[in-house]
Amino acid sequence: MITLDPRRTALVLIDLMDRIVANQLAPYPGSQVLAASLDLARTFRAAGAPVVAVRVERPNVAEQPPGSDLAAEVAAVADEVVVKRTIGGFHGTGLHELLRARGVDTLVFAGIATNLGVESTARAAGDHGYRLVFVEDAMTALTAEEHRASVELDFPRLGEVTAAGELQLK
């Protein structure tokens, strides 16, 4: 069990957008990751911890592809929304400043794709000195192998890996 202080912790949801959630994903379908992420978001909000949703926009295009907004349920529970134009959520977004202004020093990650948006954002967060927690069953990738590589090889070097049921805010 991992116990976190809700006054110093934020949930960071990566790329839970309709067009990404609808992709063929593994080891978990996007709908399952969305549901798990929403459960986490409700828990965080009930404890007074912020929920930050990060979504991607393609740079240098006149119009974003259909489904590029956050899933409606995610937009409804997000305290803050950050738009990124790179794989990670920190570069050029103001995410670090937003988190520091709220006194956050611990980030809990969920979203899609484990080895791309989640991992890239987490690596930058580590560079900024945040404590990192990864909720393995609230993220997924394009392949199960990519997900496993991040969860089993990379994330343990960056922070703590857990399941949604093993996380509590006190």
Is there side-chain contact between [X] and [Y], with heavy atoms separated by less than 4.5 Å?
X	Y	answer
F44	L167	yes
L38	R42	yes
F155	E119	yes
L142	L25	yes
V33	V21	no
V118	S150	no
P65	R58	yes

Notebook entry, point to check: Are any of the side-chain nitrogens in R148 or E145 under 4.0 Å away from the carboxylate oxygens of its partner?
Noted result: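 Result for this pair is yes, salt bridge flagged.
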Next item on the list: For the pair R131 and D105, find out whether any cationic side-chain nitrogen is under 4.0 Å from an anionic carboxylate oxygen.
Entry: no
Margin query: Hydrophobic cluster membership, with links at side-chain heavy-atom distances under 4.5 Å among I/L/V/M/F/W/Y: are V161 and Y28 in one?
Written below: no
Check: When rounded to the nearest 0.5 angstrom, what distance separates CG in N115 from CE in M139?
Finding: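 Atom-to-atom, N115:CG and M139:CE are 11.0 Å apart.
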Note to self: For the CG atom of L95 and the CZ atom of R100, what is their distance to the nearest 0.5 Å?
What the structure shows: 10.5 Å
Check: Honestly, is R123 close enough over F90, meaning NZ or CZ under 6.0 Å from the six-membered ring centre and within 45° of the axis?
Finding: no
Notebook entry, point to check: salt bridge (charged side-chain N to carboxylate O under 4.0 Å, His left out): which pairs involve residues 82-96, sequence neighbours left out?
Noted result: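 Non-adjacent pairs meeting salt bridge (charged side-chain N to carboxylate O under 4.0 Å, His left out): D15-K84, E57-R85.
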Next item on the list: Identify the residue among F109, F134, Y130 that makes a side chain to side chain contact (heavy atoms under 4.5 Å, CB included) with L158.
Entry: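 Single side chain to side chain contact (heavy atoms under 4.5 Å, CB included) partner of L158 among F109, F134, Y130: F134.
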